[in-house]
Amino acid sequence: MRRVCVFCGSSPGRDPRYAEAAKALARGIVSRGIGVVFGGGSIGLMGVLADHALAAGGSVVGVIPHGLAARELAHRGVADMRVVATMHARKALMAELADGFVALPGGIGTFEELFEIATWGQLGIHRKPIGVLNVAGYYDTLVALLDHAVAEGFVSAANRGLLSVEDDPVRLLDRMAAHAPPPALSWITPEEA
């Protein structure tokens, strides 16, 4: 992996362990010589992640829609800031730039980004690793929901397996580095996504 896209909140959340995990993930990514792609904001977990990746000497690419650049306070320390027209363009460019994806704690936007990239994996649009950093049990109920969807026949075990879930950033990055893509399957092309 040359770059990992990190989906995370524009809020820091209530638990200080979320920010600590963002710092540890940034250090872990940079220590492997991997660059960071993120949503471009200077606030919340996005800002913590970018600040610590930059402080560790890492390559950081921000991608932010024009309309959110001022509202999210686009990170001024990121030299490679890509300002795009729409949220759809943001997600498409982030996916194009990245060789893997990690979700830190976040809100509805983070969930949507995670599930869209998982859906793209399910459809064969990409074969990149997807990780979920389950900080302080934040994603426990999401994992339980996914397992319930498998049990109820709405998600196949293979598609559930597209998401690697760990509570430690080093273990998560190790799993992603060892990722063996599922057999090539393409329901639609990237242009159709």
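Note that the numbering runs from 1 along the sequence shown for the chain.
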- Query: Out of curiosity, Arg32 CZ to Met1 CE, how far, rounded to the nearest 0.5 Å?
  - Reply: 7.0 Å
- Item | From Leu68 atom CG to Thr86 atom OG1, the distance as rounded to the nearest 0.5 Å | 10.5 Å
- Message: Please report the interatomic distance CG(Leu97) to SG(Cys5), rounded to the nearest 0.5 Å.
- Response: 8.5 Å
- Message: For the CD1 atom of Ile130 and the CD atom of Gln122, what is their distance to the nearest 0.5 Å?
- Response: 10.0 Å
- Honestly curious: do Val155 and Phe115 fall in one hydrophobic cluster under the side-chain, below-4.5 Å linking rule? no
- Note on the structure: Taking every heavy atom of Phe101 against every heavy atom of Met176, the minimum-distance pair comes out as O-CE, 3.3 Å
- Message: Which heavy atom of Ser10 sits nearest to which heavy atom of Met46, and what is that distance?
- Response: CB-CE, 3.7 Å
- Is a side-chain donor or acceptor of Arg17 paired with a backbone partner of Val135 at a separation under 3.5 angstrom? no
- If you take all heavy atoms of Ser31 and Gly28, which pair is closest and at what distance? OG-O, 2.9 Å
- Item | Smallest separation among heavy atoms of Ala92 and Trp120, with atom names | CA-CH2, 4.3 Å
Please set out all donor-acceptor pairs under 3.5 angstrom arising from side-chain atoms of residues 49-67, sequence neighbours excluded.
unit_1	atom_1	unit_2	atom_2	d
Asp51	OD1	His75	NE2	2.6
His52	ND1	Val48	O	3.1

- Item | Under 3.5 Å: donor-acceptor pair, side chain of Asp167, backbone of Asn134 | no
- Query: Would a distance-only check, ignoring hydrogens and angles, find a side-chain to backbone donor-acceptor pair under 3.5 Å from Lys128 to Ile117?
  - Reply: no
- Message: With rounding to the nearest 0.5 angstrom, report the CG to CG distance, Leu133 to Asp168.
- Response: 7.5 Å
All N/O donor-acceptor pairs, side-chain side in residues 102-110, below 3.5 Å, sequence neighbours left out:
unit_1	atom_1	unit_2	atom_2	d
Thr110	OG1	Cys8	O	3.4

- Message: Tell me whether the count of non-hydrogen atoms from other residues, nucleotides or ligands lying under 6.0 Å of CZ in Arg2 goes above 12.
- Response: no
- Does the side chain to side chain contact (heavy atoms under 4.5 Å, CB included) test come out yes or no for Val6 and Met94, once each step is laid out? CA-CA 9 Å; Val6 181; Met94 290 168 75; over 6 Å; no
- Query: CG of Leu45 to NZ of Lys23: how many Å apart, nearest 0.5 Å?
  - Reply: 10.5 Å
